[in-house]
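Input: a single structure, listed below in C-alpha coordinates.
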2 protein chains.
Amino acid sequence: MTQTTSSRDLKNAGLKVTLPRVSILEILENAEQHHLSAEDVYKALLKQGSDIGLATVYRVLTQFEAAGLVTRHHFDGGQAIFELDTGDNHDHIVCMKTGKVSEFKDEQIEKRLLEIAAELGYSLTDHKIILYGIYNDKSK
Amino acid sequence: MTQTTSSRDLKNAGLKVTLPRVSILEILENAEQHHLSAEDVYKALLKQGSDIGLATVYRVLTQFEAAGLVTRHHFDGGQAIFELDTGDNHDHIVCMKTGKVSEFKDEQIEKRLLEIAAELGYSLTDHKIILYGIYNDKSK
DNA sequence: CTAGGTGCAAACATTTTGCATGGTT
DNA sequence: AACCATGCAAAATGTTTGCACCTAG
(Lines give C-alpha, C1' and ligand atoms only; values in the text may rest on other atoms or scores of the structure.)
Protein backbone atom coordinates (compact mmCIF):
# COMPACT_ATOMS: atom_id res chain seq x y z
CA MET A 1 0.00 0.00 0.00
CA THR A 2 1.43 3.32 -1.09
CA GLN A 3 0.88 6.41 0.98
CA THR A 4 1.80 10.00 0.36
CA THR A 5 3.23 12.19 3.07
CA SER A 6 0.08 14.26 3.00
CA SER A 7 -2.26 11.39 3.63
CA ARG A 8 -0.11 10.12 6.44
CA ASP A 9 -0.23 13.52 8.09
CA LEU A 10 -3.99 13.53 7.80
CA LYS A 11 -4.34 10.10 9.33
CA ASN A 12 -2.04 11.01 12.17
CA ALA A 13 -4.26 13.99 12.81
CA GLY A 14 -7.29 11.72 12.95
CA LEU A 15 -8.81 13.16 9.80
CA LYS A 16 -10.33 11.19 6.98
CA VAL A 17 -8.22 11.28 3.87
CA THR A 18 -10.33 13.14 1.36
CA LEU A 19 -9.39 14.83 -1.87
CA PRO A 20 -9.99 18.39 -0.63
CA ARG A 21 -7.88 17.83 2.48
CA VAL A 22 -5.03 16.27 0.56
CA SER A 23 -5.10 18.99 -2.09
CA ILE A 24 -5.11 21.78 0.46
CA LEU A 25 -2.33 20.20 2.46
CA GLU A 26 -0.23 19.82 -0.66
CA ILE A 27 -0.78 23.43 -1.61
CA LEU A 28 0.40 24.51 1.82
CA GLU A 29 3.43 22.26 1.52
CA ASN A 30 4.44 23.24 -1.98
CA ALA A 31 3.66 26.94 -2.20
CA GLU A 32 6.83 28.96 -2.60
CA GLN A 33 5.35 31.68 -0.39
CA HIS A 34 3.89 29.54 2.36
CA HIS A 35 1.88 32.22 4.13
CA LEU A 36 -1.51 31.94 2.48
CA SER A 37 -4.97 33.34 3.04
CA ALA A 38 -8.00 31.08 2.59
CA GLU A 39 -8.63 32.95 -0.62
CA ASP A 40 -5.09 32.25 -1.81
CA VAL A 41 -5.56 28.55 -1.19
CA TYR A 42 -8.90 28.64 -2.94
CA LYS A 43 -7.40 30.35 -5.99
CA ALA A 44 -4.58 27.83 -6.11
CA LEU A 45 -7.14 25.05 -6.08
CA LEU A 46 -9.08 26.61 -8.94
CA LYS A 47 -5.88 27.05 -10.90
CA GLN A 48 -5.15 23.36 -10.66
CA GLY A 49 -8.66 22.47 -11.78
CA SER A 50 -10.21 21.41 -8.49
CA ASP A 51 -13.77 22.49 -7.85
CA ILE A 52 -13.47 22.74 -4.11
CA GLY A 53 -15.62 25.37 -2.46
CA LEU A 54 -14.31 28.28 -0.44
CA ALA A 55 -16.39 27.12 2.52
CA THR A 56 -14.56 23.82 2.47
CA VAL A 57 -11.24 25.62 2.38
CA TYR A 58 -12.20 27.46 5.54
CA ARG A 59 -13.51 24.32 7.18
CA VAL A 60 -10.43 22.31 6.32
CA LEU A 61 -8.02 25.02 7.39
CA THR A 62 -9.85 25.35 10.69
CA GLN A 63 -9.64 21.59 11.21
CA PHE A 64 -5.96 21.63 10.35
CA GLU A 65 -5.46 24.34 12.89
CA ALA A 66 -7.28 22.35 15.56
CA ALA A 67 -5.17 19.33 14.65
CA GLY A 68 -2.01 21.38 14.98
CA LEU A 69 -1.04 20.98 11.34
CA VAL A 70 -1.46 24.64 10.57
CA THR A 71 -1.09 27.99 12.33
CA ARG A 72 -3.39 30.93 11.82
CA HIS A 73 -1.98 34.46 11.86
CA HIS A 74 -3.57 37.90 11.82
CA PHE A 75 -0.74 39.93 10.38
CA ASP A 76 -2.55 43.10 9.42
CA GLY A 77 -6.19 42.56 10.13
CA GLY A 78 -7.98 42.07 6.84
CA GLN A 79 -7.82 38.36 6.48
CA ALA A 80 -6.31 35.46 8.36
CA ILE A 81 -3.09 33.95 7.05
CA PHE A 82 -2.35 30.26 7.34
CA GLU A 83 0.91 28.38 7.22
CA LEU A 84 2.03 24.86 7.85
CA ASP A 85 3.00 24.33 11.46
CA THR A 86 6.55 23.07 11.27
CA GLY A 87 6.66 22.59 15.01
CA ASP A 88 9.33 25.19 15.63
CA ASN A 89 6.84 27.96 16.39
CA HIS A 90 8.90 30.63 14.69
CA ASP A 91 8.06 34.33 14.49
CA HIS A 92 7.69 36.71 11.57
CA ILE A 93 8.88 39.95 10.08
CA VAL A 94 6.76 41.56 7.39
CA CYS A 95 7.95 44.13 4.86
CA MET A 96 5.54 47.05 4.91
CA LYS A 97 6.21 47.88 1.28
CA THR A 98 6.29 44.54 -0.48
CA GLY A 99 4.51 42.23 1.94
CA LYS A 100 7.51 39.93 1.94
CA VAL A 101 7.58 37.74 5.04
CA SER A 102 10.67 36.28 6.71
CA GLU A 103 10.87 34.03 9.69
CA PHE A 104 13.09 33.82 12.71
CA LYS A 105 13.39 32.14 16.05
CA ASP A 106 15.45 33.33 18.97
CA GLU A 107 16.08 31.42 22.18
CA GLN A 108 17.23 34.47 24.07
CA ILE A 109 13.96 36.26 23.43
CA GLU A 110 11.86 33.27 24.27
CA LYS A 111 13.62 32.79 27.56
CA ARG A 112 13.05 36.42 28.43
CA LEU A 113 9.36 36.23 27.49
CA LEU A 114 8.92 33.31 29.82
CA GLU A 115 10.42 35.34 32.65
CA ILE A 116 8.26 38.33 31.87
CA ALA A 117 5.07 36.28 31.85
CA ALA A 118 6.01 34.76 35.20
CA GLU A 119 6.73 38.19 36.67
CA LEU A 120 3.26 39.33 35.64
CA GLY A 121 1.63 36.27 37.16
CA TYR A 122 0.93 34.26 34.01
CA SER A 123 1.89 30.78 32.87
CA LEU A 124 3.02 31.28 29.32
CA THR A 125 1.26 29.09 26.76
CA ASP A 126 2.21 30.63 23.48
CA HIS A 127 3.47 33.81 21.95
CA LYS A 128 3.41 35.71 18.71
CA ILE A 129 5.92 38.28 17.57
CA ILE A 130 5.43 40.29 14.43
CA LEU A 131 8.07 42.76 13.31
CA TYR A 132 7.21 45.41 10.76
CA GLY A 133 9.99 46.82 8.64
CA ILE A 134 11.34 47.69 5.25
CA TYR A 135 13.23 45.02 3.39
CA ASN A 136 16.44 46.31 1.83
CA ASP A 137 17.05 44.36 -1.30
CA LYS A 138 20.81 44.10 -1.56
CA SER A 139 20.77 42.81 -5.13
CA LYS A 140 19.94 46.28 -6.47
CA MET B 1 -11.31 80.20 27.17
CA THR B 2 -11.23 76.92 29.01
CA GLN B 3 -9.97 73.81 27.35
CA THR B 4 -10.08 70.20 28.44
CA THR B 5 -7.18 67.83 27.94
CA SER B 6 -9.23 65.93 25.40
CA SER B 7 -9.97 68.89 23.23
CA ARG B 8 -6.35 69.98 23.33
CA ASP B 9 -5.30 66.54 22.15
CA LEU B 10 -7.76 66.74 19.32
CA LYS B 11 -6.55 70.14 18.24
CA ASN B 12 -2.97 69.03 18.34
CA ALA B 13 -3.96 66.17 16.07
CA GLY B 14 -5.53 68.63 13.65
CA LEU B 15 -9.04 67.35 14.27
CA LYS B 16 -12.09 69.50 14.82
CA VAL B 17 -13.32 69.33 18.37
CA THR B 18 -16.71 67.70 18.10
CA LEU B 19 -18.83 66.02 20.70
CA PRO B 20 -18.39 62.47 19.34
CA ARG B 21 -14.62 62.83 19.23
CA VAL B 22 -14.38 64.24 22.71
CA SER B 23 -16.71 61.59 24.13
CA ILE B 24 -14.82 58.76 22.51
CA LEU B 25 -11.48 60.09 23.62
CA GLU B 26 -12.72 60.41 27.17
CA ILE B 27 -14.01 56.88 27.16
CA LEU B 28 -10.63 55.65 26.03
CA GLU B 29 -8.95 57.70 28.74
CA ASN B 30 -11.22 56.76 31.57
CA ALA B 31 -12.09 53.14 30.96
CA GLU B 32 -10.67 50.91 33.66
CA GLN B 33 -9.92 48.23 31.07
CA HIS B 34 -8.41 50.39 28.36
CA HIS B 35 -8.34 47.80 25.58
CA LEU B 36 -11.64 48.33 23.84
CA SER B 37 -13.30 47.15 20.66
CA ALA B 38 -15.31 49.60 18.58
CA GLU B 39 -18.38 47.85 19.90
CA ASP B 40 -17.20 48.35 23.48
CA VAL B 41 -16.78 52.06 22.88
CA TYR B 42 -20.18 52.21 21.23
CA LYS B 43 -21.84 50.49 24.19
CA ALA B 44 -20.12 52.83 26.61
CA LEU B 45 -21.46 55.77 24.63
CA LEU B 46 -24.99 54.38 24.71
CA LYS B 47 -24.71 53.79 28.45
CA GLN B 48 -23.90 57.44 28.99
CA GLY B 49 -26.81 58.54 26.87
CA SER B 50 -25.04 59.65 23.70
CA ASP B 51 -26.67 58.78 20.43
CA ILE B 52 -23.48 58.43 18.45
CA GLY B 53 -23.58 55.87 15.68
CA LEU B 54 -21.34 52.85 15.41
CA ALA B 55 -20.13 54.08 12.03
CA THR B 56 -18.91 57.25 13.66
CA VAL B 57 -17.12 55.26 16.31
CA TYR B 58 -15.24 53.40 13.59
CA ARG B 59 -14.51 56.59 11.68
CA VAL B 60 -13.28 58.41 14.75
CA LEU B 61 -11.14 55.52 15.95
CA THR B 62 -9.58 55.24 12.50
CA GLN B 63 -8.83 58.95 12.50
CA PHE B 64 -7.36 58.69 15.97
CA GLU B 65 -5.17 55.89 14.78
CA ALA B 66 -3.99 57.93 11.80
CA ALA B 67 -3.30 60.83 14.14
CA GLY B 68 -1.26 58.59 16.42
CA LEU B 69 -3.60 59.02 19.36
CA VAL B 70 -4.67 55.41 19.35
CA THR B 71 -3.22 52.01 18.49
CA ARG B 72 -5.16 49.22 16.82
CA HIS B 73 -4.50 45.62 17.81
CA HIS B 74 -5.68 42.29 16.42
CA PHE B 75 -5.28 40.11 19.47
CA ASP B 76 -7.28 37.09 18.44
CA GLY B 77 -8.79 37.87 15.11
CA GLY B 78 -12.47 38.51 15.62
CA GLN B 79 -12.49 42.22 16.13
CA ALA B 80 -9.94 44.98 16.33
CA ILE B 81 -9.01 46.31 19.76
CA PHE B 82 -8.13 49.95 20.33
CA GLU B 83 -6.18 51.60 23.10
CA LEU B 84 -4.81 55.04 23.77
CA ASP B 85 -1.30 55.39 22.43
CA THR B 86 0.72 56.36 25.46
CA GLY B 87 3.84 56.66 23.38
CA ASP B 88 5.74 53.88 25.10
CA ASN B 89 4.71 51.23 22.57
CA HIS B 90 4.36 48.48 25.12
CA ASP B 91 3.46 44.88 24.41
CA HIS B 92 0.71 42.63 25.74
CA ILE B 93 -0.04 39.37 27.45
CA VAL B 94 -3.57 38.01 27.25
CA CYS B 95 -5.09 35.45 29.58
CA MET B 96 -6.66 32.71 27.51
CA LYS B 97 -9.29 31.96 30.14
CA THR B 98 -10.42 35.35 31.34
CA GLY B 99 -9.35 37.68 28.57
CA LYS B 100 -7.43 39.77 31.10
CA VAL B 101 -4.72 41.83 29.43
CA SER B 102 -1.48 43.01 31.01
CA GLU B 103 1.22 45.15 29.51
CA PHE B 104 4.98 45.07 29.55
CA LYS B 105 7.98 46.61 27.91
CA ASP B 106 11.45 45.16 27.81
CA GLU B 107 14.55 46.89 26.54
CA GLN B 108 16.54 43.71 26.24
CA ILE B 109 14.00 42.18 23.89
CA GLU B 110 13.66 45.29 21.80
CA LYS B 111 17.39 45.52 21.33
CA ARG B 112 17.50 41.91 20.24
CA LEU B 113 14.60 42.40 17.80
CA LEU B 114 16.46 45.25 16.19
CA GLU B 115 19.47 43.01 15.67
CA ILE B 116 17.36 40.21 14.25
CA ALA B 117 15.65 42.49 11.77
CA ALA B 118 19.02 43.79 10.61
CA GLU B 119 20.38 40.27 10.21
CA LEU B 120 17.44 39.43 7.97
CA GLY B 121 17.94 42.56 5.87
CA TYR B 122 15.13 44.73 7.22
CA SER B 123 15.02 48.17 8.78
CA LEU B 124 12.75 47.72 11.76
CA THR B 125 9.81 50.12 11.90
CA ASP B 126 7.59 48.65 14.53
CA HIS B 127 6.87 45.45 16.36
CA LYS B 128 4.09 43.67 18.11
CA ILE B 129 4.44 40.97 20.73
CA ILE B 130 1.46 39.11 22.10
CA LEU B 131 1.91 36.52 24.79
CA TYR B 132 -0.85 34.03 25.50
CA GLY B 133 -1.03 32.50 28.92
CA ILE B 134 -3.08 31.67 31.98
CA TYR B 135 -3.29 34.24 34.71
CA ASN B 136 -2.79 32.76 38.15
CA ASP B 137 -4.82 34.76 40.58
CA LYS B 138 -2.82 34.71 43.80
CA SER B 139 -5.61 36.13 45.92
CA LYS B 140 -7.44 32.80 45.91
C1' DC C 1 -20.95 80.96 5.82
C1' DT C 2 -18.28 76.89 4.61
C1' DA C 3 -15.71 72.86 5.14
C1' DG C 4 -15.88 69.13 7.33
C1' DG C 5 -18.41 65.85 10.62
C1' DT C 6 -22.35 62.86 11.65
C1' DG C 7 -26.38 59.46 11.46
C1' DC C 8 -28.51 56.15 9.08
C1' DA C 9 -28.83 52.52 6.01
C1' DA C 10 -26.87 50.06 2.57
C1' DA C 11 -22.65 47.98 0.80
C1' DC C 12 -18.56 45.15 1.64
C1' DA C 13 -15.29 41.63 2.98
C1' DT C 14 -14.45 37.72 5.46
C1' DT C 15 -15.83 33.75 7.73
C1' DT C 16 -19.45 30.48 9.41
C1' DT C 17 -23.44 27.52 9.07
C1' DG C 18 -27.75 24.70 7.39
C1' DC C 19 -28.96 21.31 4.53
C1' DA C 20 -29.18 17.95 0.95
C1' DT C 21 -25.86 15.18 -1.58
C1' DG C 22 -21.78 12.43 -2.05
C1' DG C 23 -17.49 9.87 -0.64
C1' DT C 24 -14.47 6.99 2.82
C1' DT C 25 -13.80 3.33 5.67
C1' DA D 1 -24.18 0.78 5.42
C1' DA D 2 -22.97 4.47 8.61
C1' DC D 3 -20.91 8.44 9.22
C1' DC D 4 -18.53 12.09 8.10
C1' DA D 5 -17.24 15.46 4.42
C1' DT D 6 -18.58 18.55 0.74
C1' DG D 7 -20.88 22.15 -2.22
C1' DC D 8 -23.88 25.63 -2.48
C1' DA D 9 -26.28 29.36 -0.85
C1' DA D 10 -27.72 31.92 2.92
C1' DA D 11 -26.49 33.99 7.29
C1' DA D 12 -23.50 36.08 10.49
C1' DT D 13 -19.69 39.26 11.70
C1' DG D 14 -17.00 43.21 11.58
C1' DT D 15 -16.06 47.28 9.13
C1' DT D 16 -16.61 50.84 5.45
C1' DT D 17 -19.07 54.05 2.53
C1' DG D 18 -22.81 57.14 0.17
C1' DC D 19 -25.62 60.70 1.04
C1' DA D 20 -28.49 64.22 3.10
C1' DC D 21 -28.31 66.94 7.15
C1' DC D 22 -25.94 69.38 10.79
C1' DT D 23 -22.23 71.90 13.41
C1' DA D 24 -17.70 73.95 14.72
C1' DG D 25 -14.76 77.61 13.57
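When reading the values below, keep in mind they use all heavy atoms of this one structure, side chains included, and skip hydrogens, waters and symmetry mates. Quick note on labels: first sequence line is chain A, next is B, and so on, each numbered from 1.
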- Integer-rounded Å distance: dT6(C) C1' and Leu15(B) CG: 14 Å
- Item | Interatomic distance where NE2 belongs to His74(A) and C1' belongs to dT15(C) [whole Å] | 11 Å
- Under 4.0 Å between a side-chain N/O of Thr18(A) and OP1 or OP2 of dA5(D), yes or no? no
- Query: When you measure from the side chain of Ala55(A), which nucleotide among dT16(D), dA9(D), dT6(C) comes out closest?
  - Reply: dA9(D)
- Task: Starting at atom OH of Tyr42(B), determine the distance to atom C1' of dT15(D), rounded to an integer number of angstrom.
- Result: 14 Å
- Query: If two hydrophobic side chains count as joined below 4.5 Å and joins carry through other members, does Phe104(A) share a cluster with Ile129(B)?
  - Reply: yes
- Message: A side-chain contact here means heavy atoms from C-beta on lying under 4.5 Å apart; do Tyr132(B) and Lys128(A) qualify?
- Response: yes
- Message: I want to check one thing: is the phosphate of dT15(D), taken as OP1 and OP2, less than 4.0 Å away from some side-chain N or O of Tyr58(B)?
- Response: yes
- Item | Nucleotide nearest Ala80(A) when distance is taken to its side chain, options dT15(C), dG7(D), dG14(D) | dT15(C)
- Task: Mind calculating the distance between CD1 (Ile52(A)) and C1' (dG23(C)) to the nearest angstrom?
- Result: 13 Å
- Below 3.5 Å, does any donor atom in the side chain of Arg21(B) face an acceptor in the base of dG4(C), or the other way round? no
- Query: For residues Thr62(B) and Arg72(B), is any side-chain donor paired with an opposing acceptor at under 3.5 Å?
  - Reply: yes
- Message: Between Ile130(A) and His74(A), is there a side-chain heavy-atom distance shorter than 4.5 Å?
- Response: no
- Please report, rounded to the nearest Å, how far the P atom of dA13(C) is from the NZ atom of Lys43(A). 13 Å
- Please state how far atom CG in Leu19(A) lies from atom P in dT6(D), giving the value in whole angstrom units. 9 Å
- Regarding the side chain of Lys16(B), the nearest nucleotide among dA24(D), dC8(D), dT16(D) is dA24(D)
- Item | 5' precedence on DNA chain D between Glu39(B) and Val57(A) (nearest-nucleotide basis) | Val57(A)
- Message: Tell me the interatomic distance from Asp40(A), atom CG, to dT14(C), atom P, rounded to whole angstroms.
- Response: 11 Å
- Determine, step by step, whether Ile27(A) and Gln48(A) satisfy the side-chain contact (heavy atoms from CB on, under 4.5 Å) criterion, reporting the C-alpha distance in whole Å, the side-chain angles of both residues, the deciding distance to 0.1 Å, and the verdict. CA-CA 10 Å; Ile27(A) 284 171; Gln48(A) 69 182 43; 4.0 Å; yes
- What nucleotide among dT14(C), dC19(D), dG7(D) has an atom nearest to a side-chain atom of Arg59(B)? dC19(D)
- Rounded distance in Å - CZ (Phe82(A)) to P (dT15(C)): 7 Å
